[in-house]
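In what follows, a structure is listed as structure tokens, so that the remarks can point back to it.
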Amino acid sequence: KQEVTQIPAALSVPEGENLVLNCSFTDSAIYNLQWFRQDPGKGLTSLLLIQSSQREQTSGRLNASLDKSSGRSTLYIAASQPGDSATYLCAAYSGGGADGLTFGKGTHLIIQP
Amino acid sequence: DAGVTQSPTHLIKTRGQQVTLRCSPISGHKSVSWYQQVLGQGPQFIFQYYEKEERGRGNFPDRFSARQFPNYSSELNVNALLLGDSALYLCASSLFGGRAGTYYEQYFGPGTRLTVT
């Protein structure tokens, strides 16, 4: 059974800093990994999707990497802004019988102005 | 284009009651998945439907059921509500789905907040 862990659970940094969010998964036989953003009480917004054959994906100030062999993914946020404050979730798709995404508990990020 | 829509936004029910939540996928998307997110946790997969058939089920009791209609919209039903069913219920749609090992990017709706008292 796939398990996804996110570290740290919470993070508070001053505006302008570069930061890294970590995601680890127990079953390396994943098909892809997806990073989402969730604002309080809201749904999920997809940020980046990394296919198993890819090592990284970039969108604007965001860069996500995937290392299947070590069971890890990182989300790098450059030049953080107060608007980046949210909970960031990673989710793995293992292609099992249930056919759903397995999520971590998320990292609650606060960017101080 | 409209994204995934869900109704109602909020719902308050009493223990033992039944509830129906609704989801309309993005136009052209044929697959709908349901997730439950308890406060402070990541979403947990409940069901996936594709072409009106159940293609995947997570570890949830039989009190949870769902269906998909010919227009690809979906309903999630929960019977005999328990306090522990209080959560944000998320619907996600994708272009295709239902074949193990094939993933299509999922787009999530705003969710329905269910409170059971």
Side-chain angles (χ1 to χ4, degrees), chain A residues 1-10 21 23-27 29-54 57 59 64 66 73 86-108, chain B residues 3-7 9-10 21 23 25-26 31-50 53-60 64 66 87-115:
Chain A
K1 175 188 171 189
Q2 177 73 270
E3 293 183 4
V4 177
T5 303
Q6 292 188 246
I7 295 173
L21 307 183
C23 171
S24 62
F25 44 93
T26 54
D27 183 356
I30 63 171
Y31 285 85
N32 55 48
L33 188 131
Q34 195 164 355
W35 283 91
F36 295 89
R37 168 187 171 135
Q38 186 173 33
D39 292 290
K42 305 295 185 182
L44 306 181
T45 300
S46 178
L47 298 174
L48 291 164
L49 169 64
I50 312 175
Q51 305 287 355
S52 61
S53 58
Q54 299 173 320
Q57 280 283 351
S59 175
L66 175 63
S73 176
T87 295
Y88 290 81
L89 294 152
C90 70
Y93 178 68
S94 303
D99 237 17
L101 289 168
T102 302
F103 282 86
K105 292 183 179 181
T107 294
H108 180 54
Chain B
V4 178
T5 59
Q6 293 187 243
S7 63
T9 304
H10 296 90
L21 312 180
C23 171
I26 292 171
S31 178
V32 169
S33 297
W34 288 95
Y35 291 79
Q36 179 198 63
Q37 186 178 26
V38 175
L39 198 62
Q41 303 291 316
Q44 283 204 305
F45 172 70
I46 309 175
F47 287 111
Q48 184 193 45
Y49 274 77
Y50 174 65
E53 291 187 9
E54 180 184 307
R55 299 303 182 102
R57 172 187 281 259
N59 188 25
F60 279 80
F64 289 77
L88 180 67
Y89 288 84
L90 296 163
C91 172
S93 76
S94 63
L95 274 172
F96 300 105
R99 193 174 97 194
T102 304
Y103 179 77
Y104 296 87
E105 187 168 0
Q106 296 189 31
Y107 297 84
F108 283 78
T112 293
R113 172 71 62 186
L114 172 65
T115 302

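Just so we're on the same page: letters track the sequence lines, and every chain starts at 1.
- Scanning all heavy atoms of the two residues, the minimum distance from A:Ser52 to A:Ile30 falls at CB-O, 3.4 Å.
- Residue with the most contacts toward chain A among B:Gly111, B:Pro110, B:Pro43: B:Pro43 (heavy-atom pairs, distance under 4.5 Å).
- Using a 4.5 Å cut-off between heavy atoms, A:Leu44 touches chain B through backbone and side chain atoms alike.
- Of the atoms belonging to B:Gln44, not a single heavy atom falls under 4.5 Å from chain A.
- By the side-chain hydrogen bond (donor to acceptor under 3.5 Å, both in side chains) test, B:Gln41 pairs with no residue at all, sequence neighbours left out.
- Judged as a salt bridge (charged side-chain N to carboxylate O under 4.0 Å, His left out), and not counting sequence neighbours, A:Asp27 has no contacts.
- For a residue to count as touching a neighbouring chain, one of its non-hydrogen atoms must lie under 4.5 Å from one of that chain's; by this rule A:Gln38 touches chain B with the side chain only.
- For the pair A:Gln34 and A:Leu101, the tightest heavy-atom approach, listed with the atom from each and the gap, is OE1-CD1, 4.4 Å.
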